[in-house]
Structures are given as C-alpha cells and as structure tokens.
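Only one structure is covered here, and it is reproduced in the block below.
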Amino acid sequence: MEHTCFDNRELSWLKFNVRVLEEAEDETNPFCERLSFASIFQSNLDEFFGVRVGSLYDQMLVSKDIRDNKTNMTCQEQIFACFDQVKLLTQRKDSAYAALNKGMREHGVEIVTYHDQIDAKDAQFLDAYFEHEIRPLLAPQVVGKKQPFPFLKNKAIYAVVILGSKKNSKNDRKNDKKNDKNVKLGIVPCTLDVLPRLARIPDHPNRYILMEELILHYVSRIFSHFEIKSKSLIRILRNADIDPDEEMYDDDMDFRQVMEQLVSRRRRLCPIKLEYTRVMDESVIDLLCKYLHLKKRHVFHSASPLDLSFFSTIRDILRNEKDLFYEKYTPQFPADIDPERSMMEQIEEKDRFLFFPYESIDPFLALLREAADDPDVVSVKMTLYRVANDSKVVEALLRAAENGKDISVLVELRARFDEENNISWSRRLEEAGCSVLYGLDRLKVHSKLCLITKKTGGHISYITQIGTGNYNEKTSRLYTDFSLMTAHQGIGTEASRIFTRMYLGEVVEQADYLLVAPKYLRKPILEKMDRQIARAKAGVSAYIGAKMNSLTDKVLIEKMIEASQAGVRIELIVRGACCLIAGVPGKTDNISIRSIVGRYLEHSRIYIFGDEEPEVYIASADFMTRNTTYRVEVAAPLLDPEIRDRVLRIFRVLMEDNVKARIQRADGSYTRVQPGSAEPLLAQNFFMIN
C-alpha cells in the first residue's frame, strides 16, 4: 500500500485539536462554552506533549531507526513535524485568546495587565496585597555557581529574571563585563495553591489580575539587591509516559506499590517543552535550555497566558448569565424502564439499553443497588478503569460486600492520570472484603463489563452489563456512551469466562457472542470485513460502518482499503486521530470519514457489518493497535432488534449532522460540512429533543 492512504497518528491528532480550537473560535457557540473549549484545547496539548511526544522520545532512546509503520517517519521526524505544527497552533491559540479576552470585557469581566490598566488607587491596594498576602509565601532563588538550578514542577508557572549588579554597588563597573558573561538568573514560583490565581481588584465589579503577572511586576522588590535586566514567565511540561517495566518489580512489592512509585517518578521525569511569554533574550533561552537539557526546538513563545485553566473561574463568575452557556439539559430516565419495578426483572423480560448523556445512568445504579440487597444474588464481578471521585458505583459494591455478596473487582491501576484515584478505591474495596485484582501483566483491562450472578432454587443465571464508557457518573453526563444490560445466558456465560480467565492471569481466545481483545477481537472483525468484500465482489451490496475515538490499527486500515477497492461502501465517524485518508483515487474512493466535535465528547463505539440484516456491536475498543492487541476489550452484539435498529438510527443521525461535523478530504485535511439547501441538523441537539 502506498503511504498516500495513511496519515501520521501524531499529526492527525493535532488536526483533531484544531477542531477543538475551532469551537473556541466559533461565535455561534455560547461565550462561556468557547472559554471551555479553549481550556480543553490547552489541556489536550499538554497531555499530547507529556504522553505522545514523551513516548516518541522514549522510543528514540531505544533506537533512532524506529519508524512509524504507516508513514515511515522516524521518531525525530515525527517530533520535528509536530513542533512545526504546534508553533502554528500556538499563534492561532493566541489570536483566539485575544478574541475571548475582548469578549470577557464585553460581558463585564476584565483581566488586566499592570502597566496599562492600573490607576494609583488600585496600585496601592496591589502593593499591600503583594506585601502581606503573596510575598510571605514566595520561595525565590538566585541561580549561580553556588546555587543549583531548582527543580521546576510540571505545568507550574515561574517568573524568570536576569539579574545584574545594582549601579550603586562598589564593584559595579569592574564586574559589569564579568556579570555579562556569568548571567545570574532569578526564579520565583508563581503557582501558589493557597491563593486564587485571579486576584480581584476592589471597587471594580469583576476586575482581576493574574497571580503570575502580579508577582512578575513586583519582582524588583523580591530581588532588591540586583538590577532587573529582563523578566519573563515560563512553564515547562515534563514527560508523562510512565510504564511499569520489569526492573520496577520487586518480590517484596505488590503491583499497587509499584504504581505508587511510578506515579511519584512521573513528577520528576525529564522536561520536554518550555513555554515563555514576553520577549526573552536568546542568551537566556540558551541558559534555560542548558539547565533543562532541552534543544531550542523545544521552546515555544506564547502571547497569551501560559495556562488557561483560570477560564473555569471566569465561567463561575458569569454563571448567572444563562445565555452565555448551553441550555441546561438533564439526562432523562428511559421511557421503557419503570423506576418503580425491579431492574433485574425488567432486564430478564428483555434487553435494556442506555444512551448517555441523553439518558440517565440511574437505572444502572439501581441495578447495582438491587443486586447488593437481593438475597438471590451471590456475586458481582466488575472491571473499573476510571471512576468518579465520590463514586456511587463503588458505594453500591461496598454495600453488596457488607451484605455478604462475593464481590470481585478488577481495578486497572494503569488508567493514565487516574492512578492515584484508582489506588485509593482499590484500598477501600479491599478493606470492605472485596476481592481486588490490579490488572494483567502487560495488558491493560479497558473493558466495561459487569456480571451479576444469581442462584435461584439451585439454578444459576446471569445479568450482564457491557458498555462503551467508564463507570463514572460525572462523565456519563458529559460523554456520549452506550450501556447494554442483558439476561442473555450465552453472553453471561462468556462474561463469566472472561472474568475467570483474568483472575488466572489469562485471556479468552474464542467466543460465540462477544468479541474479546487481545486474542479475539481483531480476527473476527477482519473476517466480517472479508465477508463484505466477498459480497461486493459477487455484485451484492456491501457495507461497513464504524464510530470510534481513534483509528490507527494498520491491519484494520489495510483491510478497509482492500474493501474499498472491492467496492464495499464504508462510513466512518472518527472523533480524534485517524491514520486512514479517505477519497484517495483508486484506493479509498468508497470510504467517507467524518469527525464530530461538539457540546458532548463523542465517546461511544459502534461496529456495523452489512446493510441487509446488519450485525451491530457496541464496544469499549477503538480501532487502535493498543486496543486490539494490548488490552482486554469487549464488544457486544445487539441481539434485540429494537435496540439494534435504535443504534443504527443513532449512527445515521450522526452521519447526517451538518452543523458540527467535519469531513476529511483526500489530502487529510478536514472541512466543515456545508448544509447547502438541507435543514441544519445538529445531531447532539436532535438526541436531546428526541
């Protein structure tokens, strides 16, 4: 296959983050939601550097010859290409910030700078605020021969100043030349957790100054024995790509202790990006790069604040201005579920299905609570990947354990950036008497699987829940996901086998109903695609449809290219990174790819094979190599005709979105769908209304 059908994963992901930034720029979005998208754009980019760029650097340490298997780019080529794109993106973010800053002023909130917008009375207040509230908390440091360069925390903001001798000092003239060669740096941490980032200026309803700007202004008081030659603000990002490798294992440590060590180690991993504001002299950049062991390519200038998380405070300030936010939406209780009846009885009557965030997670929570109290329930088995901080799901499991049920929970401690939360919950579950497994060797458990086992009159029966998203009440209101609850005994038996295998440190290699990675997901998907290829070659209509977060698995991509060439019609909805390029003549003519970025994060996964009596699955797995071969994932068939048809209708509505959808072009770029003469259709709004 020629590489023209492929895009690089990292560069494709950056295109996705452009789509997020576009939502911050889009004036048809409520103003405070634009602030939120700008903040998400920045946090996304932070994670991209920490995880993806960090991973590329780790690969370079192994071998400089490691190449991307789709575009043949070396790790270094990928990093440099990403840096070039990020420099352009940073300029665009700065323009977006300027527009948002203007919008804040129009809505009565000012973020001021010291010089241009502070009068004498305000200056007097800020003088006193700095001296009495801020200065006692500061820990400034002068870097010199006897003072080592300090450890800079990941994502924290620092004021950096170039220090010279005071002009009235004794040896000033004699040492000037010497001081120029031996530049002294002053560094002041500006991230103070005990004080708000936005300092409010009295006598103005909503006038604020950023903490780091205030500290930078008064930096001459901090280093009063020096002349301030120049000053700036900096922020570094550190590599966050940690992996529990073999040397971390110790006979005296369990896996939870290993993960605690790794999380601690992540905080001290090497810097990977340096950002700065204002104008910084090249010699200072050189000096910082030397101390941080960075090349100049890793240095990025920003005209906007280095951290946009303060936008959440602005949203809180404007909370009462309802028109600046999306209209409030409360997830509905499903019409086909009776809240007054037993959930288990209703599931035993027919399969039940939830569509988050349009429908509430409450029926599933009711199922767990009922299982905790039902005398016929003997056990509950569950996988946990990311849960809420005050998880009602875990509370129900603890209640079940207290009632004498056999509770077995696989808590995946390697859920990136949720490790500490999961470590804490695993302890609570163990203390309550639950059996807790921390995951499998070298395989993340990413499946969303819950199995309730009942024993009635000596007869064993199962109720199984399989989902596309985490057991997290908070994200169930923010992410689009599916949850299938079924009493199908074949599916329950297979779910039981999956848990048994995992407890033995093994994985399922074959199944009749479920698709189970890493051994039995990619293979049956390829077989189903082959059947569609055979249909197309026989002159019969053939179809493949899929919705996912990311598409990077080369084996599946190549099969879709083959299917396209055979005449199979392929429709893909890929929110994030997509390494397949549609519309390449003679290669992917029959493939269309679109991405939807809107109010809710599109997180659900759907696989569709065939257009006549189609096979339809929901899944926890994206078409990514890590999901199909390095994780335990589960895809479930929709056997109930009503549920299957409902998901097909959902997919069709998403395909017809002409407001938030972007279409991928044959050059790999994305452009907004043009509604033309059609009525505007915003899929997420459609689902809220219908």
Side-chain angles (χ1 to χ4, degrees), residues 9 47 50-52 54-63 66 68-69 75 239-266 269 381-386 408-423 425-426 435-449 470 495 497-511 514-525 549-550 552-556 619-635:
R9 171 180 171 172
E47 185 172 333
V51 177
R52 296 306 312 160
S55 174
L56 289 171
Y57 265 94
D58 290 345
Q59 289 178 45
M60 279 177 60
L61 294 176
V62 176
S63 170
I66 296 176
D68 171 33
N69 68 350
C75 294
N239 189 341
D241 185 46
I242 60 170
D243 185 43
D245 28 38
E246 285 296 331
E247 72 237 29
M248 287 296 296
Y249 285 91
D250 187 305
D251 291 339
D252 297 325
M253 283 198 301
D254 68 15
F255 189 64
R256 187 165 61 197
Q257 291 172 310
V258 170
M259 289 307 301
E260 286 174 325
Q261 282 198 9
L262 282 170
V263 171
S264 176
R265 206 177 88 187
R266 177 195 278 149
L269 291 179
K381 296 180 172 69
M382 199 168 187
T383 59
L384 294 181
Y385 193 74
R386 298 185 196 276
S408 302
V409 187
L410 192 146
V411 182
E412 181 49 79
L413 300 185
R414 290 162 295 190
R416 188 178 279 121
F417 305 122
D418 269 351
E419 297 98 343
E420 289 173 281
N421 191 38
N422 287 4
I423 287 167
W425 279 121
S426 72
S435 173
V436 178
L437 186 68
Y438 303 140
L440 306 181
D441 286 350
R442 304 200 173 281
L443 291 175
K444 275 190 182 181
V445 178
H446 188 250
S447 57
K448 323 303 178 187
L449 190 61
N470 297 304
R497 189 150 55 91
I498 291 169
F499 279 109
T500 300
R501 290 287 186 188
M502 287 195 294
Y503 296 145
L504 295 173
E506 300 169 355
V507 295
V508 169
E509 297 190 8
Q510 186 78 28
L514 303 175
L515 310 182
V516 189
K519 296 289 188 181
Y520 191 69
L521 187 134
R522 184 200 265 172
K523 181 175 178 284
I525 287 174
N549 295 290
S550 299
T552 67
D553 187 315
K554 190 180 181 186
V555 175
L556 293 176
S620 61
D622 294 313
F623 283 3
M624 302 180 75
T625 308
R626 73 179 188 192
N627 297 90
T628 57
T629 61
Y630 297 113
R631 290 184 173 185
V632 176
E633 305 272 13
V634 174

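Just the heavy atoms: all of them, side chains too, but no hydrogens, waters or symmetry mates, feed the values below.
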Q: Determine, step by step, whether Leu556 and Arg522 satisfy the side chain to side chain contact (heavy atoms under 4.5 Å, CB included) criterion, reporting the C-alpha distance in whole Å, the side-chain angles of both residues, the deciding distance to 0.1 Å, and the verdict.
A: CA-CA 8 Å; Leu556 293 176; Arg522 184 200 265 172; 4.0 Å; yes

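Residues Val445 and Tyr385 approach most closely at O-CD1, 3.3 Å, considering heavy atoms. Here the closest non-hydrogen pair linking Leu440 and Gly505 is CD2-CA, 3.9 Å.
The structure places CG of Asp58 at 5.0 Å from CG of Asn239, a figure rounded to the nearest 0.5 Å. Within the model, atoms CZ of Arg442 and CZ of Arg631 stand 15.5 Å from one another, a figure rounded to the nearest 0.5 Å. Put simply, OG on Ser408 and CE on Met502 are 10.0 Å apart, with the number rounded to the nearest 0.5 Å. The CD atom of Glu506 lies 12.0 Å from the CG atom of Asp441; values are rounded to the nearest 0.5 Å. The distance from atom CZ of Arg9 to atom CG of Asn69, rounded to the nearest 0.5 Å, is 10.5 Å. Rounded to the nearest 0.5 Å, atoms OG1 (Thr625) and NZ (Lys554) are 10.0 Å apart.
Side-chain atoms of Thr383 come within 3.5 Å of backbone atoms of Ser447 as a donor-acceptor pair (strictly under, hydrogens ignored).
Considering Leu449, Leu437, Leu504, Val508 as possible partners of Phe499, the one that fulfils the side chain to side chain contact (heavy atoms under 4.5 Å, CB included) test is Leu449.
By the 4.5 Å heavy-atom criterion applied to side chains, Asn470 and Lys448 are counted as neighbours. Here the side chains of Leu514 and Tyr520 are not in contact, with every heavy-atom distance at 4.5 Å or above. Side-chain atoms of Trp425 and Val409, non-hydrogen and from C-beta on, never get closer than 4.5 Å to each other. For the pair Val516 and Val507, the minimum side-chain heavy-atom distance is 4.5 Å or more. Side-chain contact between His446 and Asn627 is present, with at least one heavy-atom pair separated by less than 4.5 Å.
Under the 3.5 Å distance criterion, with hydrogens and angles disregarded, a donor-acceptor pair is assigned to the side chains of Asp622 and Asn549.
In this view, Lys519 satisfies the salt bridge (Lys or Arg N to Asp or Glu O under 4.0 Å) rule with no residue, not counting sequence neighbours.
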